[in-house]
Every structure is written in structure tokens, then in C-alpha cells.
Chemist: 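If you scroll down you'll find the structure; I have some questions about it.
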Number of protein chains: 2
Amino acid sequence: MAVTIKTIAEELGVSYATVSRALNDHPDVNDDTKKRVIEKANEMGYQPNAIARGLVNKETKTIGLVIPDITNPFFPQVARGVEEAAATAGYNIFLCNSNWNKDREEHYVNALLQKQVDGLIITPSSEDLGHLKKLLKSKIKAVFISSFIPMENYTSVIVDNVLGTEKAVDHLIEKGYKKIAFIGAGEERFANKERLKGYKKALAKHNIKVRDEFITSVKRSYDQESGYELMKKILTRFDKSKLPDAVICYNDLLALGTIQAIKEAELRVPEDIAVIGFDDISFSSLSEIKLTTVAQPKYEMGKLALETLVEKIKSNSDKEFKSQIILTPELKIRKTT
Amino acid sequence: MAVTIKTIAEELGVSYATVSRALNDHPDVNDDTKKRVIEKANEMGYQPNAIARGLVNKETKTIGLVIPDITNPFFPQVARGVEEAAATAGYNIFLCNSNWNKDREEHYVNALLQKQVDGLIITPSSEDLGHLKKLLKSKIKAVFISSFIPMENYTSVIVDNVLGTEKAVDHLIEKGYKKIAFIGAGEERFANKERLKGYKKALAKHNIKVRDEFITSVKRSYDQESGYELMKKILTRFDKSKLPDAVICYNDLLALGTIQAIKEAELRVPEDIAVIGFDDISFSSLSEIKLTTVAQPKYEMGKLALETLVEKIKSNSDKEFKSQIILTPELKIRKTT
DNA sequence: CTGAAAGCGCTAACAC
DNA sequence: GTGTTAGCGCTTTCAG
């Protein structure tokens, strides 16, 4: 049996209400008894039961964080931002990894709801939020990362995706590339749509016709392997002379895979084909890689998400919140362009 | 007000015990009422309150996972193993990132204890467990990863570190390298001690004298930057002719940094200096990197840790558990040796 | 300043 | 099969 407030009350011959008060540093309590209680508590190794406390207070001081791929360094970086901000705000994080799987995501969101988290930060695995209806019904405070949910009460922390790919295309064209392909992440992803929009917008600006056969998408897992395989297909699909001379990838992982495929085909990066990624994960800056990429402020995004979530939690009123917090991406020009 | 078991009992005109039974699929309940209850529950969007349930049942179906650096891809991989095993066992994970900081680690462990997690998986930031005394006192079920705590009741999931570096040295010597340096992670780390032991053991086996000046350590953060800086120092400390011709690093991140430093000094890897890492993070196999490294079965380690933890939780008896589960590392020979 | 008592939402005897 | 009740550990009125 763990030591509870009651045990220590008995030891001291006071009521357990007093103990509770003393431990919570309540003003109305004799300094002396307070001291005695605290001493005893330490002596007995008392640990408050947060579960019981949560039942009474209706707040658990924990927030749920649902990400789709802990294996993509982008997300650990975001998670660190969330977590450190949480630590300073006095919250703990439930970190769940959906693996881009809707069912798992739904399962986690439900579990989190049942565990009475005070709020939720989520990068949904899909823009179709049907599986999250309980979330939406539950009126829980939530903020989204990298995904825009056009609904009141929710705010999204995102990067200006359109601007990101626009910068990428501008840079490519300035460097003389003309046949620019886009390796995306599936039509349904919000960020993908936006990045594609920026791509097309920039091409139009430079009077370059959008070529549908230059726009492709991997499905589900946005990792090196997918990038590798898709690029390989592209490499065989076109005559050598008709190949794109540059490709913009949805993220760095995809870009890394793309580069592998290009090199394997005995082509050079960037001389034959230039490659640009998105995210700027730490490995992209290694001297062997030096991937040109559109950097997202990952840590800040996590931090901001948590801070606005906490604000929302604390303002129990119907205060208005921005529905989007848009950060500016930065093009890091390295050696693959 | 959220909908509770009581609300739906009132709606249906039954006692709330019945509702509880129906919802928990208890045998002693009329099939018909069960159906009615479940329907009503869905209709009203009922979500059980896991907090209340935990208070009664004295189990929360959640386990805490404390890792030191979510930014090192080794740990996300372990975390995935833990999490997926947890999902199939019906547990949720509290993921905490201590950032190699003892205070934060202590803070997290306490928070986790207060939140009544059913068990703990932890890679301590330090072998000196003083800051975790509450953990040790609390008799909570725990398993350690990558760190051996010689105490009954605790089990550690580790890799055979001695064997790992032994293999590395053997390989190097076979390749003709003789002046092998070791870039470690501080004396106090268990895994570091073991890896150093393997290094010395293997050198002895090959009749090569251990040279203290070839054994160095980074402190605190075991990342690329630390590796880079330390190697840079080594490169300036020795005359060109007296430089090591190979270096074994405590982990892949350090090795990546080491390689940067070597190349920056206009030396070649592996011709001038060979480099071996430890872990085999996914980026090490990129064609631009191709780091020779001692691979750890990261995912399996996480999975195993969780599974034995769950076993421990379920066996409330004083059943004996192995104090160490030792997996075998595998040397992946690539291009840096 | 301190104690008694209610109640958070749920489960599990114990009756009926 | 179903209702009643106690109680998990804690906070918080409400009295005194």
C-alpha cells in the first residue's frame, strides 16, 4: 500500500483535509503544522496521486501529442519543441506515433480523450478527419501542426508552404533549370496541396508550362525508400533527353532517396538533375549530403503549438484564437542545386 | 458536462452499475439491456473516464518511457519498438525526453510516478542513480535500456557492448589498421565502459598496446557536433605521422561528426583514417555516408523492453526475472573502413 | 485554523 | 439480472 494523504494524517493525528491543505500550500493553515506535515510527507516518501487529483480537479496537466512518424527527424524536432515548452508550462506529454495509420490515430486520440488530457496537438495522417469525429465532438482544446483544419476553435501551426516551394522554383530557375519535377505526398495532404500550389504558381510566374507527367506522388510513407523507388520509376519512364533536370521533393527524406536513385542511374547531382527537399532535417546539412532544402522552424513550431494550446486551455472563455499561425520557411541553398 | 455512466443510466432508467457492467461486457447482464446501453452510449458519445477507472482499478494501462535524446535517431527507433508492442498489449506510452539532464530526468520520473504509470522503461542519463531514489524506493516495475542497474527486481535490455567493439577492432586490424583510437562518451556511462572494455580486450588479443592518449571522451551530448569538435582537437594534438589511422566512436552521430573533421583536415576516409560507429542509425547506410558501424537491434530492444515490463506487471508475484537481456550486435562493414 | 463530509466517475462486492 | 452501496485518493465547501 502506497502512502497516502490519509496515512500521514493518521501518523500526525490531524485530519486529512489539513494534510491536503498543508501540502498544497494553502494559506489557511498553521505554519507549524504545515511544516510538520511536509516533513512527515518527505520522511514517508509521499507521492501525490495525480490520478485522484485529476478526478477532482478535472485537469490532468497532461497534453497529448500525436505525430505520424517518429522516425522522420522532422517530428522529433517538433516534439522537442513541444516538450520543452510543456515542461516550463508544467505539463507532461503523451507522445503517440500513428505511423500514418488512420486507425491507429483514431485509437490514440480516443485513448487520449479517455485519459482526460487537457489538450491535444496533432499532425493528422490524413486531411479527411472522419476518423477523428470524437475529437471534434468532444470540444477538447486542440492545435494542429502542418495541417490546416478550417474549423473555428481549432488553430493550426504551419509554415507558408506555398512560399516555400515558390522559393525553391525561383532558385532553380535562376540557376538555369527548366524541367522541374515535383515528387509529392499524395493529393489529400494539406501541406502537399499547398506546396504543389507554390510550385505551379512559380512556374506560371516564369512562363513555364506545368507538365502533369512531371508531378508524381509517393503514397503513405514519405521516407527515403519511397523517394528512391519513385525516382527510379521516373528515371525509366522518360528518355534520357526528356528527363527532368531538377526535382522538388515533399520532404528531405524523399529527397535523400531521390538522390540515391539518381546516382545509381549514373547521373550526377546537381549537374544532371538537381534536387531540393523540404524540412531541413539535421542530416541534410552533413558535408556528404548538403541538400538544398526549404527549412521549417521545427522546434519553434512545436513550441508555438504548445504555447497556444496552453493559452486556449487557460482561457475557458470563448476567446477568439487565430485559426492559423503561419511561419516563414527559409531556403537553404547547398550543393544539390 | 461530459456524459458519464450516470447520465446514460438516467436516460435509460437503470442503475449505473448496470451501465458499467454492460459497457464492460460483463457476463451477468441481459443481452437486451446490454444492447440498449451500448446503443445509448454511442448515441450520446460516451467516453469512459480512464482516470476514474484507474483510481478504482489501480492500474492505468500506461507506461512511462524516459529517453535521453529524441533527436538521436537511435531512440526514436527504440521508441517505435516500445510503442508498437505497447499498442498490441493495450498500453499507452508517456514519452519523456530528458535531454541528458539529470534534473529533468528526475522530474519526469516523479511526474510519471504520480501519474500512476503501471511501469517504467528508462535509459538513464547517468549511471549514478541518486536522482532516481524515488523510483527505486517506489517498487515500481521498471526495465532499463542500454544501461545495466545491478539490482534485483530490475532488468536491463542491452546489447553485448564488449563484443561490439571487439568485432570492430578485429575488423580494423584485419584491414591493416594499427593505431586505433576510441572516442567515447564519458567514463560513467555503462555502455561506454563496456565498449571501452571490448576495445582494450581486442587490442590485447592482437598484442597491441593500449595508448591512453588514443582514448578520449566527449561530454554530455553525444552528437555530430561533439564528434566534430573532439576529432578536430585530436587532429591538431598529434603530428601528422602520429595520428591514429582508425577511430571507433561511441555512436554513429559522433562518427558522422568525426568524419566531417577528418575531411575538413583534407584527409581521406578510410585511406588516411578509418571510422567506425555504433548503433546503425538509418542515415548511416546512405550511399553518401556508408558508415561502417556496430548495429544494435533498436526496434527489438524497445519491443523486448516493453514485453518484459508487461510480464513483470502482470506477475504480481515475486517471480524472478533475468537481470539482463543481452542481444547480439552486428558489425556492418561499409565504406569508412 | 481545523475537522467532517460530500463528491469527482467508476468498479466490485453484496443484496435482492 | 439488476440495484445499492462502499470506496479508490484527493480537493473543497461548510461548520465550528
Side-chain angles (χ1 to χ4, degrees), chain A residues 1-38 40-41 44-62 110-118 138 140, chain B residues 1-38 40-41 44-62 110-118 138 140:
Chain A
M1 200 49 259
V3 19
T4 76
I5 216 181
K6 221 165 183 170
T7 344
I8 106 145
E10 279 164 11
E11 284 291 308
L12 251 41
V14 298
S15 80
Y16 61 94
T18 305
V19 175
S20 169
R21 280 190 276 255
L23 258 17
N24 287 309
D25 205 32
H26 205 86
D28 295 343
V29 74
N30 190 321
D31 275 359
D32 190 52
T33 51
K34 187 184 290 185
K35 215 189 309 177
R36 283 171 54 223
V37 169
I38 292 176
K40 199 67 179 178
M44 303 184 73
Y46 170 73
Q47 287 280 97
N49 183 328
I51 239 70
R53 194 177 270 176
L55 190 55
V56 177
N57 291 342
K58 276 145 171 355
E59 65 165 11
T60 53
K61 287 291 183 187
T62 109
N110 288 340
L112 257 11
L113 254 27
Q114 298 185 182
K115 295 222 160 115
Q116 313 296 120
V117 294
D118 296 339
S138 75
I140 196 175
Chain B
M1 200 46 259
V3 19
T4 76
I5 214 178
K6 222 165 182 168
T7 344
I8 105 146
E10 280 163 10
E11 283 292 307
L12 252 42
V14 298
S15 80
Y16 61 94
T18 304
V19 176
S20 169
R21 280 190 278 254
L23 259 16
N24 288 309
D25 206 30
H26 206 84
D28 294 343
V29 73
N30 190 320
D31 275 359
D32 189 53
T33 52
K34 187 183 293 186
K35 215 188 309 178
R36 281 172 55 222
V37 168
I38 292 177
K40 198 69 179 174
M44 304 184 72
Y46 169 75
Q47 286 280 98
N49 183 328
I51 239 71
R53 193 178 272 177
L55 190 55
V56 177
N57 290 342
K58 277 149 169 353
E59 64 165 12
T60 53
K61 287 291 182 186
T62 109
N110 288 340
L112 257 10
L113 253 27
Q114 298 185 182
K115 295 220 161 119
Q116 313 297 118
V117 294
D118 296 339
S138 75
I140 196 176

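Just so we're on the same page: letters track the sequence lines, and every chain starts at 1.
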Chemist: Using whole Å, what does the distance between atom C1' of nucleotide D:dG1 and atom CZ of B:Arg36 come to?
Modeler: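 Atom CZ in B:Arg36 sits about 13 Å away from atom C1' in D:dG1.
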Chemist: Which sits closer to the 5' end of DNA chain D, B:Leu55 or B:Pro27, going by the nucleotide each is nearest to?
Modeler: B:Pro27
Chemist: Are any side-chain N or O atoms of A:Thr60 and backbone N or O atoms of A:Gln116, one a donor and one an acceptor, separated by less than 3.5 Å?
Modeler: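 Between the backbone of A:Gln116 and the side chain of A:Thr60 there is a qualifying donor-acceptor contact (under 3.5 Å).
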Chemist: What is the distance, to the nearest angstrom, from the CZ atom on B:Arg53 to the C1' atom on D:dC8?
Modeler: 15 Å
Chemist: For B:Asn30 and B:Asp32, indicate whether the former's side chain and the latter's backbone hold a donor-acceptor pair under 3.5 Å.
Modeler: yes
Chemist: Looking only at heavy atoms, which two atoms of A:Lys40 and A:Ile8 are closest? And how far apart?
Modeler: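 Heavy atoms of A:Lys40 and A:Ile8 come nearest at CB-CD1, 4.3 Å.
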Chemist: Starting from C1' on D:dT13, measure out to NE2 on A:His26 and report it in whole angstrom.
Modeler: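 Interatomic distance, NE2 of A:His26 to C1' of D:dT13: 10 Å.
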Chemist: Counting only side-chain nitrogens and oxygens, does B:Tyr46 get under 4.0 Å of the OP1 or OP2 atom of C:dC10?
Modeler: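 Yes, because at least one side-chain N or O of B:Tyr46 sits under 4.0 Å from OP1 or OP2 of C:dC10.
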Chemist: Rounded off to whole Å, could you give me the CG-to-P distance for the A:Asn49 and C:dC8 pair?
Modeler: 18 Å
Chemist: Between P on D:dC10 and CG on A:Asp25, what's the gap in Å once rounded to a whole number?
Modeler: 17 Å
Chemist: So, for B:Ile51 and A:Lys115, which heavy atoms are closest and what is the spacing to 0.1 Å?
Modeler: CD1-O, 3.4 Å
Chemist: Is the phosphate of D:dT11, meaning OP1 or OP2, less than 4.0 Å from a side-chain N or O of A:Ser20?
Modeler: yes
Chemist: Below 3.5 Å between N/O atoms, which protein atoms pair up with nucleotides 13-16 of chain C? Just atom names and distances, please.
Modeler:
residue	atom	partner	partner atom	Å
C:dA13	N6	B:Arg21	NH1	3.3

Chemist: Could you state the atom-to-atom distance from NZ of B:Lys58 to P of C:dC10 in whole Å?
Modeler: 18 Å
Chemist: Drop me the distance from B:Thr4's OG1 to B:Glu10's CD, to the nearest 0.5 angstrom.
Modeler: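 Answer for the OG1-CD pair, B:Thr4 versus B:Glu10, is 7.5 Å.
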Chemist: Answer yes or no: does a side-chain N or O of B:Ser15 lie under 4.0 Å from OP1 or OP2 of D:dT2?
Modeler: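 For B:Ser15, the contact criterion (side-chain N or O under 4.0 Å from OP1 or OP2 of D:dT2) is not met.
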Chemist: For B:Lys115 and D:dG9, give me the distance from atom NZ to atom C1', rounded to whole Å.
Modeler: 16 Å
Chemist: Between A:Val3 and A:Met44, which heavy-atom pair has the shortest distance, and what is it?
Modeler: CG1-O, 3.3 Å
Chemist: Rounded to whole Å, how long is the line connecting atom NZ of A:Lys6 with atom C1' of D:dC10?
Modeler: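 So the two atoms are 10 Å apart, to the nearest Å.
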Chemist: Determine the minimum heavy-atom distance between B:Ala22 and B:Val29, stating which atoms define it.
Modeler: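 For B:Ala22 and B:Val29, the tightest heavy-atom pair comes out as CA-CG1, 4.5 Å.
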Chemist: Determine the contact category for B:Asp28: base if any of its heavy atoms lies under 4.0 Å from a base atom, sugar-phosphate if only primed atoms, P, OP1 or OP2 are that close, otherwise nothing.
Modeler: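 B:Asp28: base contact, heavy atoms under 4.0 Å.
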